[in-house]
Number of protein chains: 2
Amino acid sequence: MKKITIGEAARQSGVKVPTVRYYESIGLLAAPSRSEGNQRSFEPADISRLAFIRHARELGFEIDAIRTLLTLQDDPHQSCASADAIAKARLIEVEQRIRSLMALKAELETMVEGCGHGRVDQCRVIEVLADHGQCTHPHH
Amino acid sequence: MKKITIGEAARQSGVKVPTVRYYESIGLLAAPSRSEGNQRSFEPADISRLAFIRHARELGFEIDAIRTLLTLQDDPHQSCASADAIAKARLIEVEQRIRSLMALKAELETMVEGCGHGRVDQCRVIEVLADHGQCTHPHH
DNA sequence: CTTGCACCTCTAGTCGCTAGAGGATGTAGG
DNA sequence: CCTACATCCTCTAGCGACTAGAGGTGCAAG
């Protein structure tokens with residue numbers, strides 16, 4: 001029975017050590033058993049769980065959504081409708097965010113292109129910021 | 001001399017009342033004069049400044065960047081090189097964020113499409129989350 | 001004169017960590 | 001066995017940019 005320290009767990013899962021403790025503190029990860037000297041001793045299953053969490057975080061899922069996804073994973077006989085719904089909701093969020101960022105990109109490009117690199121009173125960056133009416137995409 | 005209340009200022013600038021007070025507290029907006037009853041009394045210039053801040057925030061600039069942009073605006077004889085640099089940096093950030101969100105979008109689409117709406121143990125959403133190796137775009 | 005909204009200050013909470021203090025434990029070399 | 005050093009422990013506080021709420025005051029209309 002090999003004991004996995006928190007440092008090992010962090011290295012293998014790609015989650016930082018304080019973050020592992022944080023996940024335990026908010027109940028996302030069950031408190032592992034302890035060594036004689038009170039040090040955490042993880043199981044391989046904990047590493048998988050941490051990797052799952054990390055991956056979901058990278059995909060932008062919120063902690064609460066991950067909590068739900070994890071309880072689904074823990075009970076494989078449930079319907080996956082909730083998991084599907086969470087992923088779909090996240091997809092819609094991402095699509096909206098992309099659209100909104102594209103509008104910002106266009107706005108910023110106009111600003112940067114229009115800047116004659118002279119003095120501030122001719123600067124298009126400052127000018128556009130001061131007057132929203134000059135925006136080409138007014139919907140932000 | 002009409003006195004503009006904080007509520008009026010908020011309505012006209014599109015910044016919420018507590019946020020106006022917050023901006024004052026962090027020194028982004030000069031503390032306005034007060035009425036006899038200790039209520040804030042804003043000038044039209046404050047409304048413009050608030051609108052500027054709001055617009056910049058909508059474009060995703062951080063408070064510190066806005067602080068710099070505002071000092072530039074306050075002194076129109078300066079070179080606009082800093083403003084240009086700030087806008088360019090923000091543009092690069094936005095472009096990177098868009099690229100990364102596109103990768104996430106592809107990932108989420110694969111997950112959602114692959115979901116057979118059955119039980120969790122056949123669910124592609126859960127499966128992909130558990131195993132990063134299944135990602136089509138491994139670079140996140 | 002009273003009702004009720006808008007204003008005031010202050011503190012604490014949000015999210016998802018991250019940093020640091022101050023101390024205990026575990027391990028490798030001498 | 002001792003020492004040095006990395007790693008671990010708990011705890012509190014901080015980040016950014018607000019937001020919420022408590023508890024109280026000002027002001028204008030009916």
Side-chain angles (χ1 to χ4, degrees), chain A residues 1-29 31-42 46-47 49-70 86 89-90 93 97 140, chain B residues 2-29 31-42 46 49-50 52-70 86 89-90 93 97 104 140:
Chain A
M1 187 169 269
K2 66 237 158 197
K3 49 185 171 178
I4 305 172
T5 66
I6 195 167
E8 248 329 289
R11 233 163 286 128
Q12 285 182 35
S13 65
V15 176
K16 288 182 202 150
V17 168
T19 308
V20 174
R21 285 196 277 253
Y22 170 70
Y23 287 160
E24 183 189 324
S25 83
I26 60 168
L28 212 53
L29 191 71
S33 57
R34 299 288 181 125
S35 75
E36 279 198 22
N38 197 33
Q39 304 205 346
R40 285 170 184 81
S41 177
F42 293 90
D46 295 322
I47 314 272
R49 200 174 173 93
L50 281 169
F52 184 107
I53 296 170
R54 182 191 156 216
H55 195 190
R57 286 295 300 142
E58 281 173 355
L59 290 169
F61 289 97
E62 291 175 4
I63 295 289
D64 261 10
I66 296 175
R67 212 183 283 277
T68 306
L69 291 169
L70 282 167
I86 290 171
R90 178 70 193 134
E93 264 175 46
R97 192 89 188 103
H140 58 250
Chain B
K2 66 234 157 199
K3 51 183 171 179
I4 305 173
T5 65
I6 195 168
E8 248 328 289
R11 233 163 288 127
Q12 284 182 36
S13 66
V15 176
K16 288 183 202 150
V17 169
T19 308
V20 175
R21 286 196 278 251
Y22 169 69
Y23 287 159
E24 183 189 325
S25 82
I26 61 168
L28 212 52
L29 191 70
S33 58
R34 299 288 182 125
S35 76
E36 280 198 22
N38 196 34
Q39 303 204 349
R40 286 171 183 80
S41 178
F42 293 90
D46 296 322
R49 200 173 172 92
L50 281 169
F52 184 106
I53 297 170
R54 183 192 156 215
H55 195 190
R57 286 295 300 139
E58 279 174 355
L59 289 169
F61 289 98
E62 291 176 4
I63 295 288
D64 262 9
I66 296 174
R67 211 182 285 275
T68 306
L69 291 169
L70 282 167
I86 291 171
R90 178 71 193 133
E93 264 175 46
R97 190 90 188 103
L104 297 195
H140 61 251

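Keep in mind that what you see is a predicted model, and the values were worked out from it rather than measured. Proteins get letters first, then strands, A, B, ... in listed order; numbering begins at 1 in each.
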### Message
Please list, in numerical order, the residues of residues 33-41 of chain A that have a heavy atom closer than 4.0 Å to any atom of DNA chain C.
### Response
A:S35, A:G37, A:Q39

### Message
Counting only heavy atoms from other residues, nucleotides and ligands, does the tally under 6.0 Å from CZ of B:R21 exceed 12?
### Response
yes

### Query
If you draw a 6.0 Å radius around CD in B:E24, do more than 12 non-hydrogen atoms from other residues or ligands fall strictly inside?
yes

### From CA spacing to verdict: side chain to side chain contact (heavy atoms under 4.5 Å, CB included), B:R11, B:E8
CA-CA 5 Å; B:R11 233 163 288 127; B:E8 248 328 289; 2.5 Å; yes

### Summary
Outermost contacting nts on DNA chain D, any atom under 4.0 Å from chain A heavy atoms, listed 5' then 3', are D:dC8 to D:dT10

#### Entry: Intermediate values then yes/no, side chain to side chain contact (heavy atoms under 4.5 Å, CB included), A:V15 and A:I53
CA-CA 9 Å; A:V15 176; A:I53 296 170; 5.8 Å; no

## Note on the structure
Scanning both residues in full, the closest heavy-atom pair of A:S13 with A:A51 reads CB-N, 4.1 Å

### Query
Which atom pair, heavy atoms only, marks the closest approach of A:I63 to A:I26?
CG2-CD1, 3.7 Å

### Task
Give the rounded distance in Å between these two atoms: CD1 of B:I6 and P of C:dC5.
19 Å

### Task
Mind running side chain to side chain contact (heavy atoms under 4.5 Å, CB included) on B:R40 and B:R34 for me, showing each step along the way?
CA-CA 5 Å; B:R40 286 171 183 80; B:R34 299 288 182 125; 3.4 Å; yes

### Task
Please determine if B:D64 and B:R67 form a salt bridge, counting it only when a charged side-chain N lies under 4.0 Å from a carboxylate O.
yes

### B:Y23 side, atom OH; B:L70 side, atom CG - distance, nearest 0.5 Å
10.5 Å

### Query
For DNA chain C, what residues of residues 11-27 of chain A have any heavy atom nearer than 4.0 Å?
A:K16, A:T19, A:Y22, A:Y23

## Note on the structure
OG1 (A:T19) and CG (A:L28) are apart, to the nearest 0.5 Å, by 11.5 Å

